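This one's a predicted model, so the numbers in the text were calculated from it and none came from an experiment. Note that ligands are numbered from 1 as they come in the structure, with each ligand's atoms numbered from 1 the same way.
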Amino acid sequence: MKRPLFFSLLCLLTFGAHAAEAEKPLRALLVTGGCCHNYRFQTEALTNAVSKFAKVEWTIVNEGGRGTQAEIALYGKPDWAAGYDVVVHNECFADTANPEYIRRITEAHKAGVPAVVIHCAMHTYRAAQIDDWREFLGVTSRRHDHQSRYTVKRVEAEHPILEGMPEQWVTPMDELYVIEKVWPGAQTLATAVSEVDGKAHPVVWTHQYGKARVFGTTFGHGDDTFRDPVFLTFVSRGLLWAAGRL
Ligand SMILES: [Zn+2]
């Protein structure tokens, strides 16, 4: 009689511990700001959307003004990402090129801090001679096509991040980023075709950078994209995947 009771209690305790672990909020850092986009609105839309999927304690860093060049105080310390389960990069500073500054960011990720990279993050540090940031992103892009409503094709339809995405999703008016290179470790999940040259470009992908998972999308220019439930769902799921919760 005693053993089954003991094991039942043990199971109950184990289950309880797992439940507590699952409910532990994710600690997420969102770095945003810079040129060309409505980051206040995007931040509100994104954090609201993710809250429907998981409990998240957000730290928002919106610094550097609205220009294309800034070095923000956050990255001043090598351990700037300590304590976060995931970092979301939704910033836009194409003309910042300082290699030491950029490597303080990428080294933290390479050591294991997961990341989500959105839209202009792909053109951030575009002026840099070093490739570290682009290797971290998983893609190299230096320009984008005009705004249009792009049809998105799933190429890894079974990937859990894409669950709920229609077979062909048409974006709100958004920019198509021209992808020059997909880095080793990156896997394209969805593409869209350029109306300029007919080439299919990755628009959603996963990446392994050092010890960290990275999830990326080049969409996210305008407010309407951040109102689109398909976009908000795959970005939320991408964040969970990067953090090891999907
Ligand atoms: Zn844009």
From CA spacing to verdict: side chain to side chain donor-acceptor pair (under 3.5 Å), His201, Ser194: CA-CA 7 Å; His201 292 282; Ser194 165; 5.0 Å; no
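- In plain terms, the two heavy atoms of Val31 and Leu74 that are nearest each other are CG2-CD2, 3.7 Å.
- No side-chain donor-acceptor contact under 3.5 Å links Arg104 to the backbone of Pro78.
- Rounding to 10 degrees gives 90° for the angle at the Zn ion (ligand 1) between NE2 of His37 and ND1 of His221.
- The distance from the Zn ion (ligand 1) to the nearest N/O/S atom of His119 is under 2.8 Å.
- Nearest N, O or S atom of Glu175 to the Zn ion (ligand 1): atom OE1.
- Panel note: side chain His37, backbone Gly220; no donor-acceptor pair is recorded below 3.5 Å.
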